[in-house]
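Convention: sequence-line order gives letters A, B, ...; per-chain numbering from 1.
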Amino acid sequence: MQRTLVKTAHDATGPMDAIFLQGWVRTRRDAKAFSFVELNDGSSLKGLQIVVDASLADYPQVARAHTGASVEVHGQLVESKGSGQKWEVVATQFKVVGEADGTYPLQKKGHTLEFLREIAHLRPRSNLFGAVFRVRSRLAYAVHQFFQERGFHYVHAPIITASDAEGAGEMFRVSTLDPKSPPLTPEGAVDYAEDFFARPTFLTVSGQLEAEIFACALSNVYTFGPTFRAENSNTSRHAAEFWMIEPEVAFCDLNGDMDLAEEFVKHLIRDVKTHCAADLEFFGKFVDKELLARLDFVLEKPFVRCSYTEAVEILNASGRQWEHPVQWGDNLQAEHERYLTEEHFKCPVTVYNYPRAIKAFYMRVNAPDAQGRETVAAMDLLVPGIGEIIGGSQREERLDVLRESMARHGLEEKPYWWYLDLRRYGTVPHAGFGLGFERMLMFATGVANIRDVIPFARTPGTAEF
RNA sequence: UGCCCGGUAGCUCAGUGGCAGAGCAGGUGACUGUUAAUCACUUGGUCGCUGGUUCGAUCCCAGCCCGGGCAGCCA
């Protein structure tokens with residue numbers, strides 16, 4: 001007989017004479033003449049109540065059905081006599097597939113997130129993590145949907161790369177050389193010409209440069225894949241392995257880029273609100289009481305756009321004592337970004353046109369302002385509670401300006417020959433951005449730590465599972 | 001990497017320079033269309049590790065290990 005998922009059973013429009021369910025026991029409540037078993041199979045937050053009468057031949061099985069055990073149930077789907085659920089299943093057969101004894105770590109009581117991280121192989125069976133990973137799955141689908149509906153093509157950027165996307169972060173080396181006795185050059189350095197790819201190679205820190213290649217051919221593209229940063233970051237919003245979405249659009253300037261970013265974020269939130277309503281309600285109740293109001297607010301209001309120069313003026317006019325005082329030319333610190341999005345504007349804010357000196361070489365140089373200060377067409381989208389969720393820019397499409405910027409950054413042209421070729425042959429204004437998928441998920445769910453929105457987090461010193 | 005906080009039962013925590021505690025989970029029994037059910041009884045400990053101070057250290061001190069928060073790096 002075909003299995004019915006718990007979610008499908010909940011959505012039933014009428015009773016069913018025969019139903020077959022498989023899943024895991026969340027909790028059991030015994031009476032003298034019968035037991036209630038709450039069954040969950042991950043298809044929905046809410047479990048299904050199974051009523052097992054003591055007169056049933058299989059009833060002895062129920063005593064073995066502790067929290068965590070896997071079970072199979074045949075029965076009838078009927079309207080519940082109790083309050084709290086519409087449907088329940090009266091069992092006709094009840095079988096324990098795999099027992100879980102008293103050492104099963106997931107109890108009915110609440111657990112701390114720190115403890116659940118240590119049992120990452122079991123935490124998806126909890127309410128919170130079940131909800132997080134259902135939303136994660138839906139959000140990934142919504143990413144593709146957004147771009148596919150708008151004529152964007154999905155590009156698989158390489159995971160192993162020889163380029164370092166300049167300044168994006170420390171990289172993990174990919175090598176098959178024997179670390180105990182690597183081949184050496186006459187000068188005594190490790191000879192990577194002997195390595196697998198005959199050159200030094202690394203895990204990608206960004207697919208942007210490759211996405212630019214494809215944007216300059218297919219016009220509208222996006223990448224969506226894993227990204228690696230070997231930074232020794234120990235914060236709630238950094239991971240060594242995370243997923244990033246990087247759209248790249250030909251014939252597009254910074255304004256178009258900011259429009260796309262805003263539309264994208266709104267689409268993702270709208271989609272999750274529509275398709276993960278029960279899970280979001282759970283987050284609103286147990287994780288972040290203001291979540292639902294904030295998500296609505298984000299959908300309704302246009303995001304504020306504020307130039308870097310204006311931002312510095314706002315910060316200096318705030319009357320705040322900053323731990324890091326700001327003047328034009330400085331990087332904005334986390335405290336500044338938080339103030340702008342959480343206190344001054346109280347909504348998502350796109351800060352654009354940053355000083356040239358503090359940004360990457362590939363960003364397009366703007367005309368100097370009245371005071372002769374140079375900026376680049378870069379933008380960061382800041383959201384309350386998380387800070388930077390998107391970083392992007394219009395790319396420098398003018399060959400001479402790009403070469404000058406590379407020289408300023410002390411970059412050799414040779415390894416970037418193909419990147420420069422894009423400006424030699426049919427160059428076009430183009431722009432793009434990177435959205436941290438996990439950060440978006442944090443924003444959508446209210447979950448405060450990036451380690452809790454990725455199945456198996458990789459952070460410094462941790463790669464269990 | 002820097003600064004700060006923590007580590008006591010399976011989990012969440014209390015506690016004391018002199019016999020190691022509670023709630024939940026597990027076990028036994030009772031009871032009830034129950035909803036993190038309830039009630040009674042009950043099993044369960046290298047008090048993170050190493051060293052020091054002390055008659056005596058889970059408690060005080062030092063070092064180390066592990067976890068977390070914040071900052072930097074960024075998405």
Q: Name the nucleic acid region contacted by A:Leu106, choosing base, sugar-phosphate or nothing; use a 4.0 angstrom heavy-atom cut-off, strictly under.
A: nothing
(Q) Pick the closest RNA chain B nucleotide for A:Asn232 and for A:Lys32 by heavy atoms, then say which residue is nearer the 5' end. (A) A:Asn232
Q) Syn or anti: how is B:C19 classified when any glycosidic angle within 90° of 0 counts as syn? A) syn
Q.
Once you measure the plane-to-plane angle for A:Tyr354 and A:Tyr308, does it fall in the parallel (<30°), tilted (30-60°) or perpendicular (>60°) bin?
A. tilted
(Q) Is the base of B:A75 stacked against the aromatic ring of A:Phe242, taking ring centres under 5.5 Å apart and planes under 30° as the test? (A) yes
Q: Report yes if a donor N or O on one partner sits less than 3.5 Å from an acceptor N or O on the other, where the partners are the side chain of A:Glu114 and the base of B:G7; otherwise report no.
A: no
Q: Scan A:Gln85 against the nucleic acid and name what it touches under 4.0 Å (heavy atoms): base, sugar-phosphate only, or nothing.
A: base
Q: Would you indicate what A:Thr27 reaches in the nucleic acid, counting non-hydrogen atoms under 4.0 angstrom: base, sugar-phosphate, or nothing?
A: sugar-phosphate
**Q.** Sugar-phosphate only, base, or nothing, as touched by A:Thr462 at under 4.0 Å among non-hydrogen atoms
**A.** sugar-phosphate
Q: For A:Ser35, answer base if it contacts any base atom (sugar-phosphate contacts may also be present), sugar-phosphate if it contacts only those atoms, and nothing otherwise; contact means non-hydrogen atoms under 4.0 Å.
A: nothing
Q: Round to the nearest Å and state the distance from A:Ile389 atom CD1 to B:C74 atom P.
A: 17 Å
(Q) Need one value for A:Glu337: base, sugar-phosphate or nothing, where a base atom within 4.0 Å counts as base even if backbone is also close, heavy atoms only. (A) nothing
Q.
Regarding B:U1, can its base be found pairing with the side chain of A:Asn234 as donor and acceptor, where the two atoms are less than 3.5 Å apart?
A. yes
Q) Contact class for A:Gln333 vs. all strands (heavy atom < 4.0 Å): base, sugar-phosphate, or nothing? A) sugar-phosphate
(Q) Taking the P atom in each of B:C5 and B:A62, what is the distance between them to the nearest angstrom? (A) 13 Å
Q.
Testing the basics here: between A:Val287 and A:Gly446, what is the closest heavy-atom pair and its distance to 0.1 Å?
A. CG1-O, 3.4 Å
Q. Using the P atom in both, what is the distance from B:G6 to B:G15, to the nearest Å?
A. 12 Å
(Q) Students often get this wrong, so: under 4.0 angstrom with heavy atoms, is A:Thr227 touching a base, only sugar-phosphate, or nothing? (A) nothing
Q: Please check if any side-chain donor atom of A:Thr227 sits under 3.5 Å from a side-chain acceptor atom of A:Arg229, or the reverse.
A: no
Q. To the nearest Å, how far apart are A:Arg29 CZ and B:A37 P?
A. 5 Å
Q: Indicate, with yes or no, if the rings of A:Trp87 and A:His10 have centres closer together than 6.0 Å.
A: no
For residues 42-51 of chain A, which side-chain donor-acceptor pairs fall under 3.5 Å, sequence neighbours excluded?
| residue | atom | partner | partner atom | Å |
| --- | --- | --- | --- | --- |
| A:Ser43 | OG | A:Val6 | N | 3.4 |
| A:Ser43 | OG | A:Lys7 | N | 3.0 |
| A:Ser43 | OG | A:Asp41 | OD1 | 2.6 |
| A:Ser44 | OG | A:Lys46 | O | 2.8 |
| A:Lys46 | NZ | A:Gly84 | O | 3.0 |
| A:Gln49 | OE1 | A:Arg29 | NH2 | 3.2 |
| A:Gln49 | NE2 | A:Glu88 | OE1 | 3.1 |

**Q.** Polar pair under 3.5 Å, donor/acceptor by atom type, side chain A:Arg237, base B:C70
**A.** no
Q) For A:Ala334, which contact category applies under a 4.0 Å heavy-atom criterion: base, sugar-phosphate, or nothing? A) sugar-phosphate
Q.
Restricting to non-hydrogen atoms, name the atom on A:Thr92 and the atom on A:Leu56 that form the minimum distance, rounded to 0.1 Å.
A. O-CD1, 3.4 Å
Q: Could you pick out which residue, A:Pro460 or A:Glu388, lies toward the 5' side of RNA chain B when each is mapped onto its nearest nucleotide?
A: A:Pro460
Q) Do the side-chain N or O atoms of A:His324 get closer than 4.0 angstrom to the phosphate oxygens (OP1, OP2) of B:A71? A) no
**Q.** Among B:U12, B:G33, B:G68, the one nearest A:Lys81 by side-chain distance
**A.** B:G33
Q: Starting at atom CG of A:Asp101, determine the distance to atom P of B:G10, rounded to an integer number of angstrom.
A: 13 Å
Q.
Distance check needed: B:G26 C1' versus A:Arg64 CZ, whole Å only.
A. 17 Å
Q.
Within the 4.0 Å heavy-atom criterion, would you say A:Arg451 contacts the bases, only the backbone, or no part of the nucleic acid?
A. sugar-phosphate
Q.
Heavy atoms from C-beta onward define the side chain here; which of B:G27, B:G33, B:G72 lies closest to that of A:Glu88?
A. B:G33
